[in-house]
Amino acid sequence: MPESSLLHELVSFAAERDPDAPALGYGAAQRSYGELQHEVQRLAQGLVALRLARGERVAIYLEKRIETVSASFAICAAGGVLVPLNPLLKPEQSGYILNDCQVRILITSPERLLLLAPVLAQCPDLRCVVLTGSTTAAAMAPGLPAALATVAWDEVLGGGSAAQPHRVIDTDIAAILYTSGSTGRPKGVVLSHRNMVAGAKSVASYLENHAGDTLLAALPLSFDAGFSQLTTAFHVGARVVLLNYLMPRDVVKALAAERVTGLTAVPPLYIQLTQLAWPESINQHLRYFANTGGRMPRETLGQLRQRVPAARPFLMYGLTEAFRSTYLPPEQVDRRPDSIGKAIPNAEILVLREDGSLCDDDEPGELVHRGALVGQGYWGDAEKTAERYKLLPAGIGGRQAGLQLPEYAVFSGDNVRRDSEGFLYFIGRRDEMMKTSGYRVSPTEVEEVLYASQFVGECVAFGVDHPALGQAIQVIATPPAGAQALDVAAVLAECKQRMPTYMVPAGVEPAEGPLPRNPNGKIDRKLLATDWLARHGH
C-alpha cells in the first residue's frame, strides 16, 4: 500500500485500506472512510467546475462539522489551497484574511453569511460562496454584493462529475493557517502538502496512534494542533469525533460517551476539566492526553493523572510556523515536569546564540527548528518572513558545509535552554506576543480595535501571568479627546462586540495622557507593564 505524500491522500489511502472503517463522528452523523472519500472526490470535482484554478485559495468559515472536514480535504484534492477561518473570528477579522490571501471561494453556512455580508463588499477577489444550507438565505443578507454568486452545497457535490482536479505535488501549498502577528494583523503561515503530511506521520508515530483509536477534536480546526487531530487519525485510519463544546462538561461527556482514546487540548481547558468529576469509565479507554499551546501547570497535570491514571501524558511544544517541534515522553514526566522534551521524529531542534553558533549546555538561546515541517513563510509578507525564516548557517546541526543550496529554518523567537541530557526547557518569548487560552494574541491587534472604537485616546495592551489562562490581557488607556474620563464599561462592551472572547481584556485601567514614550517616540509598553505589575503586587 503506498504512503501518503499529499494531504488528501490521507483520506483516500485510508479508504483503500478499509472503506467501511469509521472515519468521522458528529453527533448522530457518521462517515466511514469510503463515504468520506466519495464526498471529498465529488466536492473536489465540483470546486473545479466552479472554475477554481490551481493554487487559488478557498476559505472555510464553519464550526466543526462533517462538511468542514470533507471540504478541507476536497480543496486540496481539487488543487486549491485551504484557508480555515476560526469560527470565533469577528466579520472584520475574517474579511481581512479573505482579502489578504485573495480568497476566491468561501464555504460557509447561511447564518454565518448573514454575519459576513457587510464585509464581503471589500473582498474584490471573492467570486463565489458555497452555502451548506439553502441559498435563499443569501437574498436576506444585507449588503451582499450583487455580483457574488451563491451556490448550494448539494449543487457543488453533483455539479462536476466531468471535471478533472489539477495536478498537485508535495511541495505545492496545501493550506494557509492564520496566526496573530506582532504587527497586530494576522499572519498567514503557508504550509505545503509535505509539511502537513510529515507532521501527521511524526505525531502519529510518537503518540502510537493506530486504527483502533478514537480522537476527540475539541480544538478549532483552524489551529495547527486542532487540524492535526484529523491528519494524525486519517494517517493510521483512526476515528475522529468532532465536538463544538459550550461547557467543559461537554468534553467530559464526549470522552465517556464516545470511548475516546486520545485527547489533545490547551492548558486553560485542562484546568477547567480538572474542576469536574470524571466518570471512572474514561480511565478504561483513554490511552493518552496531550498538552499544547502553553505550559501545563504541575497541579493540573497531577489532577489529570489522578483522574485517568492509565492514560499517558504527552507534554508538547510547537509553533504554527513549524507545526510541532518537541514532546516530552511520558516516562520522563515525573523526572522533569517542566521540560518541553526533545525534538519530535523527523525534526532537529537547535539552541543558537545571536551569532548563529550552538549554545552550550544550560546556556539560554533561541529555539530553532529545521527539517520537513518548516513552513513556507508568511503569505505576502516578505519582511515578517525574513524575521522568522532564516538561512541556517553551514556546519550547524546536520547541515553540512559542502551543501551549496540554501536551507531555511524557523527561528522561533523563544528562549530555551538544553540540559546535559538534551532535554529542553522553555524560558520565555523574545517578542511581546501574549499567549492566552491557548491563542497567540498581538498587543497591537487588541489596541487597533480599541482605537477603532474611538472610546480611547491612547492605549497599550500587555499580558500578565494568569493561573488559568496562561496570560490575561490588561489594557491601560487614556480618555478620548474632549472627554473628562475614560468610560471603562463602554470600552469593554465594545471589545466584547468586536473581539473573539479570548481576546477581550481582563481589565482596562484609566490613565491620564499622554502615555510615556521610549527614545524612538513609541509608547513605552514595557515601562507601563512593569509599573502596572508593581502597583498590583505581581
Side-chain angles (χ1 to χ4, degrees), residues 61 85-100 112 114-124 141-145 178-187 381 431-434 436-437 439-464 469 471-518 520-529 531-532 535-536:
Y61 187 50
L85 301 180
N86 191 322
L88 295 178
L89 293 180
K90 300 298 184 181
E92 293 82 3
Q93 295 162 316
S94 298
Y96 171 80
I97 293 173
L98 295 175
N99 257 332
D100 186 62
R112 291 183 178 274
L114 290 173
L115 297 174
L116 284 180
V119 303
L120 295 185
Q122 285 76 52
C123 301
L144 193 68
Y178 274 80
T179 180
S180 295
S182 57
T183 61
R185 290 293 192 178
K187 295 181 295 185
D381 195 332
D431 58 22
E432 297 173 324
M433 292 291 291
M434 301 176 289
T436 181
S437 298
Y439 292 86
R440 292 175 66 194
V441 178
S442 162
T444 50
E445 192 173 7
V446 175
E447 292 158 10
E448 283 188 2
V449 174
L450 293 172
Y451 283 126
S453 74
Q454 299 184 356
F455 289 142
V456 303
E458 293 181 347
C459 65
V460 65
F462 50 90
V464 177
L469 302 176
Q471 284 187 311
I473 298 174
Q474 292 290 335
V475 168
I476 297 175
T478 65
Q484 297 299 313
L486 183 72
D487 190 340
V488 173
V491 171
L492 287 172
E494 186 74 4
C495 289
K496 292 175 182 177
Q497 179 69 27
R498 296 170 61 92
M499 295 176 175
T501 303
Y502 63 81
M503 199 184 294
V504 176
V508 177
E509 181 174 283
E512 295 183 1
L515 296 179
R517 264 64 170 167
N518 63 22
N520 294 327
K522 299 179 180 179
I523 294 176
D524 198 330
R525 186 193 315 278
K526 185 175 182 180
L527 174 63
L528 287 163
D531 289 347
W532 188 95
R535 288 196 307 274
H536 293 271

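Heavy-atom basis, side chains included; hydrogens, waters and symmetry copies ignored. This chain uses plain numbering: 1 for the first residue, then up along the sequence.
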Could you give the distance from CG (Leu89) to OH (Tyr178), rounded to the nearest 0.5 Å? 11.5 Å
Pairs meeting criterion salt bridge (charged side-chain N to carboxylate O under 4.0 Å, His left out) with involvement of residues 473-490, two or more places apart: none
Validation row: Leu486, Val508 side chains within 4.5 angstrom (heavy atoms): yes
Measure across Cys495 and Val504 and return the closest heavy-atom pair with its distance rounded to 0.1 Å. O-CG2, 3.9 Å
How long is the straight-line distance from CD of Gln474 back to NE2 of His536, given to the nearest 0.5 Å? 7.0 Å
With under 30° as parallel and over 60° as perpendicular, where do the rings of Phe462 and Trp532 fit, or are they tilted in between? perpendicular
Enter the distance from Asp531:CG to Leu527:CG here, rounded to the nearest 0.5 Å. 4.5 Å
Salt bridge (charged side-chain N to carboxylate O under 4.0 Å, His left out) against Arg498, all qualifying residues, sequence neighbours excluded: Glu494
Side chains of Pro505 and Val446, heavy atoms from C-beta outward: is any pair under 4.5 Å? yes
Show me the pairs that pass salt bridge (charged side-chain N to carboxylate O under 4.0 Å, His left out) and involve residues 87-98, at least two apart or across chains. none
Any residue meeting side-chain contact (heavy atoms from CB on, under 4.5 Å) with Thr436, in chain and number order, not counting sequence neighbours: Val441, Leu469, Ile473
To the nearest 0.5 Å, how far apart are CD in Glu458 and CD in Glu447? 11.0 Å
Side chains of Met434 and Pro443: closer than 4.5 Å at any heavy-atom pair? yes
Is there a side-chain contact between Cys459 and Leu515, using heavy atoms and a 4.5 Å cut-off? no
Quick one: does Gln93's side chain get under 4.5 Å of Pro500's, heavy atoms only? yes
Taking only distance into account, with no hydrogens and no angle test, what donor-acceptor pairs under 3.5 Å do side-chain atoms of residues 115-122 form with protein atoms, sequence neighbours excluded?
none

Any side-chain heavy atom of Gln497 within less than 4.5 Å of one from Ser453? no
Non-hydrogen side-chain atoms of Tyr61 and Leu98 separated by less than 4.5 Å: no
In the structure I gave you, are the side-chain heavy atoms of Pro516 and Leu528 within less than 4.5 Å of one another anywhere? yes
For the atom pair CG (Asp100) and CG (Asp381), what is the distance rounded to the nearest 0.5 Å? 8.0 Å
Begin from the C-alpha positions of Leu450 and Phe455 and carry the test side chain to side chain contact (heavy atoms under 4.5 Å, CB included) through to its verdict. CA-CA 7 Å; Leu450 293 172; Phe455 289 142; over 6 Å; no
What residues, two or more places apart in sequence or in another chain, satisfy side chain to side chain donor-acceptor pair (under 3.5 Å) together with Gln471? none
